Amino acid sequence: MEIETQVLDIDYRTENDEVYLRLFCKSGDSNVIGYDRDFRPYFYALPSEEADAEELEDEIEGQEFKEDGEDDGDYLPVEETEIVEREVGQEQRKAVKIYTTVPANVPKLKNQVWDLPETERCREFDIPFYRRYLIDEGIRPGKTVRLEGEEVEAEEFDRALNIDEVDTEVEERDQEYSTMAFDLEVYQERIIMTSMKSEGFQKVLSLSEVDRSFVEHVEDEEELLNRFVEIIREEDVDILTGYNTDEFDFSMLRDAAERNNVTLALGRDGERMKFNRRGRFSAARLKGRAHLDLYPFVDHVLSPGMDAENLDLDSVAEELLGEKKDEMTWEEMKDSWKNQEDLEKFADYCLKDSELALKLSDEIVPQIMELSKLVGTIPFDTCRLTYGQLTENFLLREAYSREILAPNRPSQQKRQDRRQEGAYAGGFVYTPESGLHENIALFDFRSLYPTVMVAHNISPDTLNLDECSERFTLEEFDYDFCQDEQGFFPELIEGLVEERYELKSEMKEKDEGTAEYQSLYNRQQAEKILANSFYGYLGYNGARWYSRESAEATTFMGRKYIEDTIDTAEELGLEVVYGDTDSVFLKGEDIRERMDGFLDEVNDDLPEFMELEFEGFFSRGLFTSTESGEGAKKKYALIDEDGSMKITGFEQVRRDWSPIAKDTQKKVLRAVLENDVDKAVEIVEDTIDRLQDGEVPIEKLKIYTTLTKPPEEYGSTAPHVEAAKKAKKRGDEIPPETTITYVITSGGGSISSRARLLKYADSYDSEYYVDNQVLPVALRVLKVFGYTEDQLKGKGKQSGLDRFS
DNA sequence: CTTGACCGGGG
DNA sequence: GTGTACGGTCAAG
C-alpha cells in the first residue's frame, strides 16, 4: 500500500536484539501507524594521528566488544562498518561509521571505541535514535510524506503498514488535528475535579454533585481516574494539552493513579503514560497522541517576545487572547470545597481553565507545528525544547544534508570553562537624557544580528582559516572571517530570511483572518524565531557549534552599525533621545518630514541585506534616571497618539509587588505621559492618604510568594514563611508549593513577624505599604521631576492634615 | 565581589 | 534511554 500522511509522533521498540521504529501518523480522519524495521543505530569514530581510517576500521572489525569491557559481559555487536568522507570542523576527513543492533548499545560501544589508540574521538553518539531516524530519512513531523509498504493489522489504528520506503518529496496537503485541553483541581493533595474541553465536547468530573449539565458525578478518586482515561480514549484526540501539565496535572495524576492502582493508559497504543526525565523537568509522554504542555513553549520560545513578566495562565491568556480567567481566588476555592458551597461556581472555574487552555492551544499549537516542520522535531519535543536545543536540532539536520559531522556536546567542565571566559560586550545602549521628551520617532534594524552575520559571513567555519584570499578582519580582536565561500550559519540565515520574504509577499495576497493567511503567518513566524536564534546559540555555553568569536564579532558589528546610525542622525541635525542594540529614538518638531531623508542616508551606506526601518511615532516618552542622576537605560515608557502605552523595565507587572503599588505606578506613568505631573503627584498623595486612613481594601495589599518546602524547614525568616507558620498553628494545611498570599499587618516587631495570610489579615501596616511599596515605585517615575521620598511623603501627610484642619 | 539558595508554572 | 539540559535574583559570606 501507499499512503500520504503526516507524522505526529514517533518512538522505537527493541525485540530480541532488533529495533524498529513506530511512526504515528494522521491521514485525514484516519490514525495510521507505520513500522520501519530497516534503520540501524550508528555513530562515527575519527582516526587518531597514529592511524588512518582503514586501520581504525580493521581494528574495530577485529575486536569483540563486551559490556563494561568484561569477558563475561554481554556482547556489543558491531553489525557493519563503513568509511565515509565528512566535513569535520574546517577540514575534510575520513571517518568510520559504526553500526550496531540496538540504540542502547551506542553509548557503551562508543566508550570502548573511543578508548582504542587508533581513535582520536567519536562523534554523533548521543543523538536520540528516533531523532536520528527523522534526520536521516528527511522526515519533518507535520509535513506530508508518502509511506510505501505492506499493509498489516494493528489494533487501535485505522491503518498500519510495514514501511519499505519513505518519500518526502510530496506536495503538501492540509491536515487537521483534534485537540483536547484538560485541567485538574486538587484539594489536600487529592484530585477533586477534572475538566476536559475540545471542539464539540466538554465535561467536568467531580467528586461532589454539582448542578451543572456538564458535570458528571463520580464516587471517588478511583472512578474519576477511570472515567478520565475512558473519556480520553473514547474521544481519541490527536493532541492532549493544558498549561503546566507536565509539572502539575500529570504528576498529580501519576500519584493518584498509584494510590488507586489505576493504569493511566492514555496513549493510542494502550500503554500507560510515562514520565521522560529531561534535566530539571519531567515530561509526561503518551504514545501516538501528542501531549503538548503549553507552558514550557511559552516560557522558552514565546516569552522573549511578550510583555508579561509572569507566565501564569491568566497573564498569558490575557496577553495572547485578551481574555481573563474567572475571578476566583485560591482561598475562595478552598472554602468552597471545604464547605461544599457554591460548587457551581467552582465547576465553572474548572471548566473555564480548560476552555482557556484550549483557546490558547488554538493560538500556540499551530506555531508548535510550524516549528516542528521547520526544525524537524516531533511536537512533543518542540514544545519542551529550549531555544538553543531547537536551534541545535535544526543544525543537526542541515549538517547531515551537507555531510558535516556535528561537534560533540561540551562536557560540564567545558561549559564551566566557557562560562568562566566571562561575558563579551553586548548591544550598545545610548544614555538618554532623563525626563519627558515629545514627538519621538522610533527606528530599528530589521533582524540586526542575523543580517550582520550574513553581511560579514560570520560563522565558526569561516573563522581564522589557514588559506583564504579575502578576509574580514576585526583588528580589535585577533581574528578574521573568510569571505571566499559562504559559511554554514550565514547560508542557513540567508535561506530562512529569503524564504520568509517570499512567505510575506504571499501573505499580502491573502485576506487577513483567513486560515491560509494565518498558516503563512505562523510559518514566517517560525522562520523568524529560528533566524534570530543563531546569534544567541553561538554564544550559548552548551552549544555544539559554540563560537565565542562569532558571537562577539556579531555584537561588535551590531554596535558599529547602531553607532554609525546615531552619528548620521546627529550629522543631519536630528536629536537623538535613546537607542538600544538595534533601535534609535529621534525627536524633533519636524521629525515626520525629515525621517525619509534620514532613512535613505542610513540605508544607502548599509551592506546589502541590512536595513533600518521606521517603527512608529510616539507623542511622549518618559526616561527615568539612576541614583547618580544620569539617564537610566532600559527603563522608559512611551505613549502614542491613541493613548496606548509601551512600558519597558518598570516593576509594575511583577507579582512580588502589591496591587496598590502596581496600580499606582501605572496611573502615575499615564498622568506623566499625558503631561500632567501635578496630577501624578496628586495620585501618589491620594494613595498615601487612603493608605493612612485605612481606606484601601485589603485585597489591594496582597503580595504573592511561593513556598517550596514546609514552612518550618526554612532557616531564614521571610514574610511569606512567617505568615505560613502562623496559619499552620491555626490549623491550616500548608503543603509545599503553596503560593502564600500575605499582607503586612499593623503592630510592633519586625515586618516578617507581622505578615499574615490575606484571609487572616484584619489590619494593615500603612507605613510599610507607603514606604516599601507605593513610594519606591512612584519615585521610580517621579524622581526625574525632582521629587524626593520625603517630599512626596511630607506632602502626603500635609495634605492629609489639611483635610482635618 | 563571589557563592549558594531559591524560584518559576499549577491548586 | 544514542537520558540527566535553565537563568535570573537576592541574601549571605
Side-chain angles (χ1 to χ4, degrees), chain A residues 11-14 19 40-44 98-100 102-111 122-133 135 183-194 242-252 274-283 285 293-300 303-304 309-316 328-334 337 346 349-350 353 357 384-389 392 408-410 412 415 419 540-543 654-656 704-709 714-718 720-721 733 735-739:
Chain A
D11 74 346
Y12 73 89
R13 295 276 151 129
T14 52
V19 63
R40 295 280 167 272
Y42 69 85
F43 64 102
Y44 299 93
I98 302 150
Y99 293 87
T100 182
V102 294
N105 285 344
V106 169
K108 301 173 198 160
L109 198 53
K110 161 225 116 188
N111 284 335
C122 295
R123 289 279 187 115
E124 302 202 359
F125 44 78
D126 56 358
I127 297 164
F129 186 60
Y130 68 92
R131 290 193 202 160
R132 177 86 271 174
Y133 174 79
I135 291 171
D183 180 54
L184 299 185
E185 307 300 329
V186 170
Y187 180 70
Q188 295 181 342
E189 309 278 290
R190 292 282 186 279
I191 302 172
I192 50 172
M193 256 189 209
T194 173
Y243 201 78
N244 203 23
T245 42
D246 276 341
E247 289 281 280
F248 184 74
D249 304 73
F250 267 116
S251 84
M252 282 292 168
K274 279 190 192 133
F275 271 100
N276 285 4
R277 294 192 74 123
R278 12 180 88 208
R280 192 171 70 92
F281 287 116
S282 286
R285 179 96 152 100
D293 186 348
L294 302 176
Y295 167 66
F297 188 75
V298 170
D299 188 18
H300 297 150
S303 68
E309 272 192 54
N310 45 349
L311 299 178
D312 55 276
L313 180 58
D314 209 13
S315 318
V316 171
M328 193 166 184
T329 65
W330 174 227
E331 294 299 332
E332 284 173 328
M333 291 176 71
K334 267 200 297 199
W337 192 260
F346 194 113
Y349 176 93
C350 180
D353 263 10
R384 292 173 176 84
L385 293 176
T386 63
Y387 236 95
Q389 294 161 335
E392 194 150 277
N408 290 337
R409 285 170 53 186
Q412 230 14 275
R415 293 184 65 165
R419 260 194 294 265
Y540 159 57
N541 61 53
R654 299 171 53 109
R655 71 183 207 161
D656 44 0
Y704 297 104
T705 317
T706 305
L707 280 179
T708 49
K709 50 187 179 185
Y714 280 82
S716 56
T717 55
H720 67 292
V721 176
E733 284 232 31
E737 316 304 316
T738 307
T739 296

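Since we're looking at a predicted model, the values are computed, not measured. Letters A, B, ... are given to chains in the order of the sequence lines, protein chains preceding strands, and every chain is numbered from 1.
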State which residues pass side-chain hydrogen bond (donor to acceptor under 3.5 Å, both in side chains) with N541(A); sequence neighbours excluded, sorted by chain then number.
->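 Counting only residues at least two positions away or on another chain, N541(A) forms a side-chain hydrogen bond (donor to acceptor under 3.5 Å, both in side chains) with R415(A).
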
Nearest-0.5 Å distance that lies between atom OH in Y130(A) and atom CD1 in I135(A) = 10.5 Å

With rounding to the nearest 0.5 Å, note down the distance linking CZ in R285(A) to CG in D11(A).
->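 Between R285(A) CZ and D11(A) CG, I get 6.0 Å after rounding to 0.5 Å.
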
Categorize [X] for me: base, sugar-phosphate, or nothing, with a 4.0 angstrom heavy-atom threshold over every strand shown.
X       : answer
Y243(A) : sugar-phosphate
R131(A) : nothing
L109(A) : nothing
E185(A) : sugar-phosphate
P107(A) : sugar-phosphate

List in chain and number order the residues that pass side-chain contact (heavy atoms from CB on, under 4.5 Å) with A543(A), two or more places apart in sequence or in another chain; answer none if no residue qualifies.
->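 Listed in chain order: E392(A), Y537(A), Y540(A), Y546(A).
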
On DNA chain C, more 5' by nearest nucleotide between Y540(A) and R277(A) is R277(A)

Nucleotide nearest N244(A) (side chain, heavy atoms from C-beta), chosen from dG9(B), dG1(C), dG11(B) |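 Between dG9(B), dG1(C), dG11(B), the one nearest the side chain of N244(A) would be dG9(B).
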
Take Y295(A) and E247(A), measure what side chain to side chain contact (heavy atoms under 4.5 Å, CB included) needs, and give me the verdict at the end.
-> CA-CA 10 Å; Y295(A) 167 66; E247(A) 289 281 280; 6.0 Å; no

Does dG3(C) have OP1 or OP2 sitting under 4.0 Å from an N or O in the side chain of N276(A)?
-> no

N/O-N/O pairs, protein side and nucleotides 2-4 of chain B side, under 3.5 Å:
none

5' precedence on DNA chain B between M333(A) and D299(A) (nearest-nucleotide basis) |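 Per heavy-atom nearest nucleotide, the more 5' residue is D299(A).
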
Mind checking the P distance from dG9(B) to dC10(C)? Whole angstroms is fine.
->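 Straight-line distance between the two P atoms is 15 Å.
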
Is a donor-acceptor contact shorter than 3.5 angstrom present between the side chain of R280(A) and the base of dG8(B)?
->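 Such a pair exists between side chain and base.
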
